[in-house]
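Note that the coordinates shown come from a computational prediction; the quantities given were computed from them, not determined experimentally. Every heavy atom of this structure was used, including side-chain atoms; hydrogens, water molecules and symmetry mates were not. The first residue in the sequence is number 1, and the count goes up from there. Order of listing sets the numbers, starting from 1, for every ligand and every atom in it.
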Amino acid sequence: MPQQEMYILPALETEPDFEALYLGVRGLEQRIYTDEQLRQLPQIAPSHVHYKEWQIRKRSSERLVTYLAKKKKPLAILEIGCGNGWLAAKLAGIKEAHIFALDVNEVELEQAKRVFKKSNLQFFEGDFSDQYFVGLKFDVIVFAAAIQYFSPLQNTLAEMLQYLAEDGEIHLIDTNFYTQQTVEGAKRGTHDYYQKLGYPQLAAHYFHHRLDELAGLNYKVLVNPNSLKNRLLKDSPFYWVKINKSVA
Ligand SMILES: C[S@@+](CC[C@H](N)C(=O)[O-])C[C@H]1O[C@@H](n2cnc3c(N)ncnc32)[C@H](O)[C@@H]1O
């Protein structure tokens, strides 16, 4: 059986949990990769259905890696919602970095462990509330295409800031942010999309964060998809936001 067809949601009598719903949609969206494809990501064949998106993600991941490598110091990096681990593996290429990568999605995490074996890369299965990291401080915490599964945004970030070193940074990459004007339309779009796929319950796990929810935090937008430069270059449809601890 080809790997893309393996994760079909079984008929369940009880309400399926997030992981079952998420994997069902991933399968339908053709986002479950073979080990060979995963090893190459973000490179993928031009004929692949998500080739264009991977070109965007290649640019944003290279930007993040270059940015962090310039710090030229040992970095403890936590990626939350690492999925199949492709980005965590790229981050592990940074000199003197140690990567801790966490996800609730056991199927893709097992694949990540199988495909990416590096001495400075560790995968953890579970939710952040499982408290694997109590007492630890990270130099960098990354959510890549993942913050939309966490809510409320402000509580999530407040919790993350407690795990951040004094000069540490949270990076939200490959992320959509909305405005008061666009958020309701986006919610309806997501609801209709999951409904059409046959997974309406997943909409309850997908959150549409607004940029103004970051007010009060020490943050900087490093890539704004709506900037003139970005629109002219058609560089990225996603935000890249950096959050530091507040200066007292
Ligand atoms: C769209 S994927 C992004 C995966 C990867 N970061 C990437 O850039 O390709 C979002 C991931 O967040 C994970 N996730 C959602 N809620 C989570 C939670 N509470 N704790 C850890 N991971 C979570 C999902 O299982 C999924 O693998």
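- Taking 4.5 Å as the limit, every side-chain heavy atom of V142 sits out of range of all side-chain heavy atoms of I170.
- Counting heavy atoms from C-beta outward, V221 and Y239 have side chains that approach closer than 4.5 Å.
- The contact set between ligand 1 and V104, taken as ligand atoms under 4.0 Å from a residue heavy atom, comprises 14 (N), 17 (C), 18 (C), 20 (N), 21 (C), 22 (N), 23 (C), 25 (O).
- Using a 4.0 Å cut-off between a side-chain N of Lys or Arg and a carboxylate O of Asp or Glu, K58 and E62 qualify as a salt bridge.
- Geometrically, ligand 1 and A144 share a nitrogen or oxygen pair separated by less than 3.5 Å.
- When the heavy-atom distances from atom 5 (C) of ligand 1 to G81, A145, P42 are ranked, the shortest goes to G81.
- Every N/O-N/O distance between Q148 and ligand 1 stays at or above 3.5 Å.
- The heavy atom nearest to atom 13 (C) of ligand 1, considering only D130, D103, V142, N84, is found in D103.
- Only the side chain of R57 comes within 4.0 Å of ligand 1, counting heavy atoms alone; its backbone N, CA, C and O stay farther away.
- Residue-to-ligand polar distances place D127 within reach of ligand 1: an N/O pair is separated by less than 3.5 Å.
- Counted by atom type alone, Q148 and N176 present zero donor-acceptor pairs between their side chains at under 3.5 Å.
- Put simply, the side chain of Y199 reaches to within 4.5 Å of the side chain of L28, judged on heavy atoms.
- D235 has a carboxylate O that lies under 4.0 Å from a charged side-chain N of R63, or vice versa, which qualifies the two as a salt bridge.
- Contact check on D192 versus K187 returns no salt bridge, with no Lys/Arg side-chain nitrogen under 4.0 Å from an Asp/Glu carboxylate oxygen.
- Every atom of ligand 1 is numbered from 1 in the order shown, and the set under 4.0 Å from a heavy atom of G83 is 4 (C), 27 (O).
- Within ligand 1, counting atoms from 1 as listed, the ones closer than 4.0 Å to a heavy atom of G126 are 20 (N), 21 (C).
- Residue Y149 holds the heavy atom nearest to atom 16 (N) of ligand 1 of all those in Y206, F143, W86, Y149.
- Look at S129 and you'll find every heavy atom at least 4.0 Å from all atoms of ligand 1.
- Considering both main-chain and side-chain atoms, E79 comes within under 3.5 Å of ligand 1 through a nitrogen or oxygen pair.
- Salt bridge status for R26 with E108: present, with a side-chain N to carboxylate O gap under 4.0 Å.
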